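In what follows, a structure is listed as C-alpha cells, so that the remarks can point back to it.
All figures in this text were calculated on a predicted structure; none of them were measured in a lab.
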Amino acid sequence: MSFETAGKPITCKAAVAWEAGKDLSVEDVEVGVPRAGEVRIQIHYTGVCHTDAYMLSGKDPEGAFPVIAGHEGAGIVESVGEGVESVKCKECKFCKSGKTNLCGKIRATQGKGVMPDGTSRFKAKGKDLLHFMGTSTFSQYTVVAEISCVKVTDKAPMDRTCLLGCGITTGYGAAVISAGNGGIEEGSTVAVFGAGCVGLSVIQGAVKNKASKIIVVDVNDSKKEWATKFGATDFVNPAKDLKKDETIQARLVEMTDGGLDYTFDCTGNVHVMRSALEACHKGWGESIIIGVAAAGQEISTRPFQLVTGRRWKGCAFGGVKGRTQMGGLVDDYMTGKLKVDEFITHRQNLGGINQAFHDMHDGDCIRCVVDMQKV
C-alpha cells in the first residue's frame, strides 16, 4: 500500500492531554515526516490501559504535558525515514545480553517524551506535543522509532492485535516466560492477585502450562465469573471471604498445603505484593511483580521470608521480546491457542475516548478498543 502523504506533514485527529487530571481533548494535530530510523504509522485501533490512566493522572514521575498517550496500537505503515529496513536492534547492552527483553537504546529520550534525536513529531495549536512510551497511539497517525514497532501478518484483525501491545502479552508472558526458568512447570500451584486484563492473561498462561491449581484473588465478586471463564480453579475475595483476623496469605497457605509455587501481583498495590510473596511455599515459592506501584512507594517483608527460600522477581511486558516473539503470539491467536477476543468488553470511537477511561474505572471493563479512524 502506498500513501500520497509520504514525505509531507499530515494533519489528523488525536486525543491530546493538555494537563494532568483532565479529560483528553480531540484536536487537529500536525504529524511530522519521519526522520532517519523512524516510521510513520496510520493507527487503526488502540486499546485503553491502566498505564495510560496512571500517566494522565499526574502520578507518574515521568509524566509530562502536553502529551499524546496510548501504547496498545495497531496500524499500517504510511512512510519510513532514511535507513529503515526491517527494524533492527541487537545494538545495546540489554539486547546483546540475551538475558532480558528490556532495551536501553532509546530509553533515555523515550522517558522524556521525545524521539531519539530529542525532538517531537507532533504539533497542535502552535505547540509541540510530547510522545508517550515511544508510541502515542491516541493519534490517527504517529511516528515511532524503528525498533518500537513490529511487523505482523496482515491477515490478523487490527482491532484484536492492538491488545497484544501491552496487557494480554504482559500477563501471558509472565506465566509462560518470566516465571521460574522459562515458565510455570506442569502441575504447579498458582495464585493471581487481580483479575483485570493482565491477571486474566496470567491465568491463560498458567492453563497453557498445565498448572494444577489456579487461585484468583480479587475484591470484586464479578471477577469470579471472568476468572472461571479463563480457567481458574478457585476464587477468594479477601474483603468478605476471610475469617476474623485471617490474612489472605494465611488462607492461601492453608488451601495449598504450605503455600503456592508461583504467585503474581497484577494490582500495583505494595501491600498486595507483600501478601503475594508471603503466600509462596517455603523453600521454592516465587512471586512475580507485574503491577506498577505509584511513584515513591516501596515494598517490604521480613527478610526471613527470603532467607527461607522464597523468591521475589519482577517482569516488564511479561519478558516477551516484542521484536522477535510478537509474531508468534499473533500466530497463536490466529490458530485459536491464545484468547484475545474474549477480553474486549467495550468499544468506542476516537470521540468517545474519555468514556473509554470512565468504563475502565467502573470495574466491569476488561479492555475497551478504540476505533481511531472514526471520530
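- Rounded to the nearest 0.5 Å, atoms OG1 (T308) and NE2 (H281) are 11.0 Å apart.
- Between the side chain of S201 and the backbone N or O of G171 there is no donor-acceptor pair closer than 3.5 Å.
- At a cut-off of 3.5 Å, with distance as the only test, no side-chain donor of Y45 or Q373 sits close to an acceptor on the other residue.
- For F132 and F65, the distance between ring centers is not under 6.0 angstrom.
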For this session: May I have the step-by-step check of side-chain contact (heavy atoms from CB on, under 4.5 Å) for E78 and T5, ending in yes or no?
Result: CA-CA 8 Å; E78 176 269 342; T5 49; 2.7 Å; yes
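- Put simply, L129 and V31 are part of the same group of oily side chains (I, L, V, M, F, W, Y) that touch within less than 4.5 Å, one to the next.
- Note on K224 versus D218: no salt bridge recorded, every NZ/NE/NH1/NH2 to OD/OE distance being 4.0 Å or above.
- For the pair C266 and I290, the tightest heavy-atom approach, listed with the atom from each and the gap, is SG-CD1, 4.0 Å.
- Looking only at atom types and distance, the side chain of T263 has a donor-acceptor partner in the side chain of S287 under 3.5 Å away.
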Problem set entry | Derivation and outcome, side-chain hydrogen bond (donor to acceptor under 3.5 Å, both in side chains), residues Q305 and W312 | CA-CA 10 Å; Q305 293 285 334; W312 229 341; over 6 Å; no
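- Of all heavy-atom pairs between T137 and I43, the closest is O-CG2, 3.6 Å.
- Shortest non-hydrogen contact noted between A14 and I68 is CB-CD1, 3.9 Å.
- Ring geometry for F138 versus F357: interplanar angle over 60°, hence perpendicular rather than tilted (30 to 60°).
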Problem set entry | Derivation and outcome, ring-ring contact (aromatic ring centres under 6.0 Å, His included), residues Y333 and Y172 | CA-CA 12 Å; Y333 163 67; Y172 185 74; over 10 Å; no
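- A salt bridge does not link K229 with E225: every distance from a Lys NZ or Arg NE/NH1/NH2 to an Asp or Glu carboxylate oxygen is 4.0 Å or more.
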Exercise. Would E72 and R367 satisfy salt bridge (charged side-chain N to carboxylate O under 4.0 Å, His left out), going step by step from the backbone distance to the final call?
Worked result: CA-CA 11 Å; E72 282 189 337; R367 267 297 185 269; 3.1 Å; yes
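- N237 and D221 share a side-chain donor-acceptor pair at under 3.5 Å.
- Criterion: ILVMFWY side-chain heavy atoms under 4.5 Å apart, direct or through other members. Under it, L252 and F264 are not part of a common hydrophobic cluster.
- To the nearest 0.5 angstrom, D28 atom CG is 15.5 Å from K123 atom NZ.
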